Amino acid sequence: MLSVIGALGVLAWLTTAWAVQAGKRWARPAATVMFVLGTGVGLAGLSTKDTSGATGLPPEPGRAGMIPCLAGVVAVTMLWRRPRPT
C-alpha cells in the first residue's frame, strides 16, 4: 500500500512541477494540497496503531518517511514566494 501511495505522490508532484513550469494558475494551490496530503499520510503512518497496540510502522522507517515532507515544505514555501503568474 505504501508503494502505491508513494507512486501516486510522485505522479502528483511531477504534474504539479509541470504546472508550475507552464505557469498554470492552479499550480500553487495544488502544490499546497499535495504537501498537506503527503504530510497527513506520513503522520497517519507514524501514529496509527495496529491490533497489538504498537504503531503500524516501526519508528525508524516511519520517521524516514517524513523526510520528503521537509523537501515539500521548502518547495511550497519557495513557490509561494515567487511572483504570481498572470
Side-chain angles (χ1 to χ4, degrees):
M1 181 165 160
L2 291 176
S3 297
V4 172
I5 291 172
L8 289 173
V10 168
L11 179 64
W13 278 110
L14 289 175
T15 303
T16 304
W18 166 82
V20 169
Q21 185 68 27
K24 303 292 183 186
R25 294 183 63 113
W26 51 266
R28 289 180 186 191
T32 304
V33 168
M34 294 304 146
F35 169 70
V36 170
L37 289 174
T39 303
V41 167
L43 290 173
L46 280 175
S47 60
T48 302
K49 299 200 182 291
D50 63 12
T51 56
S52 69
T55 57
L57 290 174
E60 293 80 15
R63 289 185 199 117
M66 294 300 293
I67 292 172
C69 295
L70 297 174
V73 76
V74 170
V76 170
T77 301
M78 290 174 62
L79 183 62
W80 281 101
R81 288 185 176 194
R82 289 180 52 184
R84 187 173 186 175
T86 54

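Only a predicted model underlies this, so the values are computations on that prediction, with no experimental measurement involved.
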Checklist entry - What's the shortest heavy-atom distance between Met34 and Ala12, and which atoms? => result SD-CB, 3.3 Å
Item to check | Partners passing side-chain contact (heavy atoms from CB on, under 4.5 Å) against Ala19 (at least two apart in sequence or in another chain) | outcome: Lys24, Trp26, Ala27
Item to check | Leu43 CG to Met66 CE distance, which is reported to the nearest 0.5 Å | outcome: 4.0 Å
Would you tabulate the side-chain donor-acceptor contacts of residues 70-80 under 3.5 Å, counting partners in other chains and residues two or more places apart, or write 'none'?
{"residue": "Thr77", "atom": "OG1", "partner": "Val73", "partner atom": "O", "Å": "2.7"}
{"residue": "Trp80", "atom": "NE1", "partner": "Thr32", "partner atom": "OG1", "Å": "2.8"}

Next on the checklist: Quick check: do Arg28 and Val20 have side-chain heavy atoms less than 4.5 Å from each other?
Outcome noted: no
Checklist entry - Any link between Val36 and Trp13 through a network of hydrophobic side chains (Ile, Leu, Val, Met, Phe, Trp, Tyr) touching at under 4.5 Å? => result yes
